[in-house]
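Working notes, structure below.
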Amino acid sequence: MLDINLIRDEPDMVKKAILDRGMDTEVADVDGILELDSRRRALLVEVEELKRQRNVAGDEIAALKKEGGDTGPIVDRMREISEHIKGMDAEVREVEAGREALMLDIPNTPHESVPVGPDETANKEIRIWGEPPRFTFEPRPHWEIGEALDILDFKRGAKIASTRFTLLKGAAALMERALINFMLDLHTREHGYTEVFPPILANRKSFEGVGQLPKFGDDMYWCRDDDLSLITTAEVPVTNIHRGEVLREEELPRKYVAYTPCFRREAGSYGKDVRGIIRQHQFNKVEMVKFVHPDASFDELESLTTNAEEVLKRLDIHYRVMCLSTGDLGFAASKCYDLEVWMAGTGEFKEISSCSCFTDFQARRANIRFKPAGGGKPRFVHTLNGSGLAIGRTVAAIMESKQLDDGRVVVPPALQPYMGGMTVIE
RNA sequence: GGAGAGAUGGCCGAGUGGACGAAGGCGCACGCCUGGAGAGCGUGUGGGCGGCUUAGCUCCGUCCCGUGGGUUCGAAUCCCACUCUCUCCGCCA
């Protein structure tokens, strides 16, 4: 959620940000907000004056009673005023709710360094690392390799659950587990993150806090009886660790890393990535989340991205870093880098990590603040998160990049200690 | 799942429907005292919204005692619902 003061003071800037994102200002209704906002303030002035009168009268009544005076007339008058207040309070609530509802549709404003463009075609390549592996044979996609090695079982995954669920067997299951441990170790031991293992179900407030609700409700698996949903990403529970809290400035930045399974209905992506393990309803992910000082947030985005990249470097997999354009940027993000990994089997780059800076957009919604060390009012922290990395896609990338002509797959050296010394999957 | 107890400021803890943003204590900050520290004394010590003014964060108003409703001229206090915590019983990896 944006700061209402920003919308009041610089409505044109906010509107431009909406248009740059390719959104409609009918949907993101800045003028509507301004109108409701000024109505709200006018009502407040009026009703607060009435409340003041009520408070004064309260004292008078108390004093009169003590002296045994007649409170009848003043009580009658206040009865009327109280009725009036009740009505106006309801009106204020209504106007306020309307304003809030509209404000939830206003996206974050992109950082000035974000390329302006309509969609992903305007994304800008920031850097590229390594080179695509060269093969003396026609490289195969991971689903063919995995089925041939009998380590990816799509049929049985579908039998147990449904399509987009895969049964991992043997070396694939082991590699999945190894990657989780490898990434957690890297980020905790070398990058200074604190490991957490959060609840995998979260409540409505937690989803609202990070901006997943109301927008992405269709993509979530709800447990209706309990009003809980399976998490779509660890961002949800981890960012909400500090919901409603006031941190001390000295505690910033706070850096967490979590492994969790993630669950997405993938509504509306029928026909996309139907083969393989790229797009699953259930997948594993190691996620980094930071709570930082507002002055540091964009530097923190750079280091967060670097932390995610380090995983791919150590696995020796070719990738590039893209800065998302305004048209491709997530609703709550001010700036976002995607790490795209080279899928040797299909010859394309595939998103494997998304590192975003949300400025105070999430913190305002989730009410996460810090107390300035020098005193003064609490301020909103800035939040960031990034995958470090998506596990299943990493498995797929390794299988495709490290495949041999005989169908075997070489285990990257960094991963071998985590796989009991296994060097080749065969 | 059953029975009970509870939720008040950074923490502990009091609070007969009008004196309560809230006693008292602890903590913290500043000042006095001290060679220095401690003790002692004094002062201060939450947040949201709005207004004024315009940038002073001083002033004024309003709201906040788990959350949301209700009763009342007036609610921390009475009523209802919900959430959470604790204890006991049952079940369970």
Side-chain angles (χ1 to χ4, degrees), chain A residues 1-10 33-104 197-209 213 222-229 237 240-252 254 261 360 363-381:
Chain A
M1 184 152 59
L2 284 187
D3 187 353
I4 183 64
N5 290 306
L6 180 72
I7 299 176
R8 274 179 206 154
D9 297 342
E10 304 195 55
I33 290 169
L34 290 173
E35 196 181 312
L36 288 174
D37 182 54
S38 62
R39 257 184 70 197
R40 169 174 174 275
R41 286 192 286 171
L43 283 168
L44 277 181
V45 169
E46 218 176 308
V47 73
E48 283 182 7
E49 167 58 20
L50 291 178
K51 285 180 178 173
R52 191 191 61 79
Q53 288 177 26
R54 182 178 67 184
N55 291 341
V56 169
D59 290 343
E60 283 172 16
I61 291 170
L64 270 176
K65 276 206 164 161
K66 207 169 237 178
E67 294 160 11
D70 179 14
T71 58
I74 187 165
V75 166
D76 286 346
R77 190 159 55 84
M78 292 328 290
R79 201 194 311 273
E80 223 169 281
I81 287 186
S82 278
E83 272 313 301
H84 198 177
I85 288 173
K86 204 170 280 185
M88 288 192 71
D89 270 344
E91 203 179 341
V92 169
R93 272 199 298 274
E94 206 174 295
V95 170
E96 214 156 58
R99 189 189 70 165
E100 292 307 296
L102 290 183
M103 284 187 56
L104 287 178
F197 188 75
I200 308 304
L201 292 171
N203 59 32
R204 199 168 284 277
K205 270 206 168 87
S206 293
F207 283 92
E208 286 168 353
L213 279 176
W222 277 99
C223 305
R224 288 229 210 98
D225 291 346
D226 306 284
D227 210 32
L228 294 168
S229 169
N240 276 283
I241 288 174
H242 294 301
R243 170 156 51 88
E245 294 184 11
V246 180
L247 306 172
R248 294 196 313 275
E249 181 169 355
E250 311 85 71
E251 295 181 279
L252 303 179
R254 290 194 81 119
D360 60 1
R364 179 166 288 109
R365 248 189 225 205
N367 193 24
I368 306 168
R369 297 175 294 173
F370 72 96
K371 187 100 177 156
K377 296 277 181 190
R379 300 173 59 192
F380 289 110
V381 301

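Note that the structure is predicted; figures quoted are calculated from it, not measured. The chains referred to below are lettered A, B, ... by the order of the sequence lines, with proteins before strands, and numbering in each begins at 1.
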Practice prompt. Please list, chain by chain and in numerical order, all residues satisfying salt bridge (Lys or Arg N to Asp or Glu O under 4.0 Å) with A:Arg41, sequence neighbours excluded.
Written response: A:Asp37
Item to complete: Taking atom P in both B:G6 and B:A14, compute the distance separating them and give it to the nearest angstrom.
Response: 12 Å
Discussion item. Checking contacts here: which listed nucleotide (B:G50, B:G74, B:G18) is nearest the side-chain heavy atoms of A:Ser82?
Written reply: B:G74
Fill in: Side-chain donor or acceptor of A:Asp360 paired with backbone N/O of A:Phe380 under 3.5 Å
no
Practice prompt. Provide, to the nearest angstrom, the distance between the CG atom belonging to A:Leu247 and the P atom belonging to B:G10.
Written response: 14 Å
Item to complete: Determine the interatomic distance between P on B:G9 and the same-named atom on B:A76; round to the nearest Å.
Response: 15 Å
Any protein N or O atoms within reach of nucleotides 76-83 of chain B? Criterion: under 3.5 Å, listing atom names and distances.
none

Fill in: side chain to side chain contact (heavy atoms under 4.5 Å, CB included) partners for A:Glu46, two or more places apart
A:Met88
Item to complete: Taking atom C1' in both B:C26 and B:U45, compute the distance separating them and give it to the nearest angstrom.
Response: 13 Å
Item to complete: In whole angstrom, give me the gap between the C1' atoms of B:G18 and B:C12.
Response: 28 Å
Fill in: Below 4.0 Å: OP1/OP2 of B:C73 and any side-chain N or O of A:Arg77
no
Practice prompt. Sticking with atom P, work out how far B:G10 lies from B:C28, rounded to a whole angstrom.
Written response: 16 Å
Worksheet item: Starting at the 5' end of RNA chain B and moving along, which residue's nearest nucleotide shows up first, A:Met78 or A:Asn5?
Response: A:Asn5
Worksheet entry | Partner residues of A:Asn5 under the side chain to side chain donor-acceptor pair (under 3.5 Å) criterion, sequence neighbours left out | A:Asp3, A:Arg8
Fill in: Side-chain N,O (A:Arg8) to OP1/OP2 (B:G50) below 4.0 Å
yes
Worksheet, complete the sentence: Rounded to the nearest 0.5 angstrom, the CG-CD distance for A:Leu43 and A:Glu91 is 4.5 Å
Item to complete: Find the runs of at least 3 consecutive base pairs, i with j, i+1 with j-1 and so on, that include RNA chain B, using Watson-Crick or G-U wobble geometry with both distances under 3.5 Å.
Response: B:1-7 with B:83-89, B:10-12 with B:24-26, B:27-32 with B:40-45, B:46-51 with B:59-64, B:66-70 with B:78-82
Practice prompt. Choose from B:G51, B:G74, B:G47 the nucleotide whose nearest atom is closest to any side-chain atom of A:Lys377.
Written response: B:G47
Discussion item. Over all strands shown, is A:Leu44 touching base, sugar-phosphate only, or nothing at heavy-atom distances under 4.0 angstrom?
Written reply: sugar-phosphate
Fill in: Residues that A:Asp227 engages under salt bridge (Lys or Arg N to Asp or Glu O under 4.0 Å), provided they are two or more places apart
A:Arg204
Worksheet entry | Protein proximity profile, nucleotides 59-64 of chain B - base contact B, sugar-phosphate-only contact S, no contact -, cut-off 4.0 Å on heavy atoms | --BSS-
Fill in: A:Arg365 CZ to A:Glu208 CD distance, which is reported to the nearest 0.5 Å
8.0 Å
Discussion item. Any side-chain N or O of A:Arg79 below 4.0 angstrom from OP1/OP2 of B:U72?
Written reply: no
Discussion item. Work out how far the P atom of B:G1 is from that of B:C63, and round it to whole angstrom.
Written reply: 39 Å
Worksheet, complete the sentence: salt bridge (Lys or Arg N to Asp or Glu O under 4.0 Å) filter on A:Glu80, not counting sequence neighbours, yields none
Worksheet item: Base, sugar-phosphate alone, or nothing: which one does A:Arg379 contact when heavy atoms must sit under 4.0 Å apart?
Response: nothing
Response to the item:
Between CD1 of A:Ile61 and C1' of B:A75 the distance, given in whole Å, is 14 Å
Worksheet entry | d(CG, A:Asp37; P, B:C49) in whole Å | 12 Å
Item to complete: With heavy atoms under 4.0 Å as the rule, sort A:Lys205 into base, sugar-phosphate or nothing.
Response: nothing
Worksheet item: When rounded to the nearest Å, what value does the distance between C1' atoms of B:C60 and B:U8 take?
Response: 27 Å
Discussion item. Distance check needed: B:U67 P versus A:Asn203 CG, whole Å only.
Written reply: 17 Å
Discussion item. Just verifying a value: how many Å separate A:Glu94 CD and A:Asp89 CG, rounded to the nearest 0.5 Å?
Written reply: 12.5 Å
Item to complete: Figure out the CD1/P separation between A:Ile4 and B:G48, and round it to whole Å.
Response: 16 Å
Discussion item. Is the phosphate of B:G46 approached by A:Lys371 (side-chain N or O, under 4.0 Å from OP1 or OP2)?
Written reply: no
Item to complete: Quickly work out the A:Asp59 CG to B:G74 C1' distance and round it to whole Å.
Response: 10 Å
Worksheet item: Listed by chain and number, what are the salt bridge (Lys or Arg N to Asp or Glu O under 4.0 Å) partners of A:Asp59, not counting sequence neighbours?
Response: none
Item to complete: Measure from CD on A:Glu250 to C1' on B:C28 and round the result to the nearest Å.
Response: 13 Å
Fill in: Atom-pair distance (CD on A:Glu96; P on B:G68), nearest Å
12 Å
Discussion item. Run the side chain to side chain donor-acceptor pair (under 3.5 Å) test against A:Glu245 and tell me which residues pass, sequence neighbours left out.
Written reply: A:His242
Worksheet item: With respect to the side chain of A:Arg369, which nucleotide from B:G46, B:G48, B:C73 is positioned closest?
Response: B:G48
Worksheet item: On RNA chain B, nearest-nucleotide positions of A:Asp9 versus A:Glu80: which is more 5'?
Response: A:Asp9
Item to complete: Return the set of residues passing side chain to side chain donor-acceptor pair (under 3.5 Å) with A:Ser229 (not counting sequence neighbours), or none when no residue passes.
Response: none
Discussion item. Holding to side chain to side chain donor-acceptor pair (under 3.5 Å), I want the full list of residues that pass it with A:Glu96, two or more places apart in sequence or in another chain.
Written reply: A:Arg40
Worksheet item: In whole Å, what separates the P atom of B:C86 from that of B:U16?
Response: 28 Å
Worksheet item: What distance do A:Leu6 atom CG and A:Met1 atom CE have between them, rounded to the nearest 0.5 Å?
Response: 13.0 Å
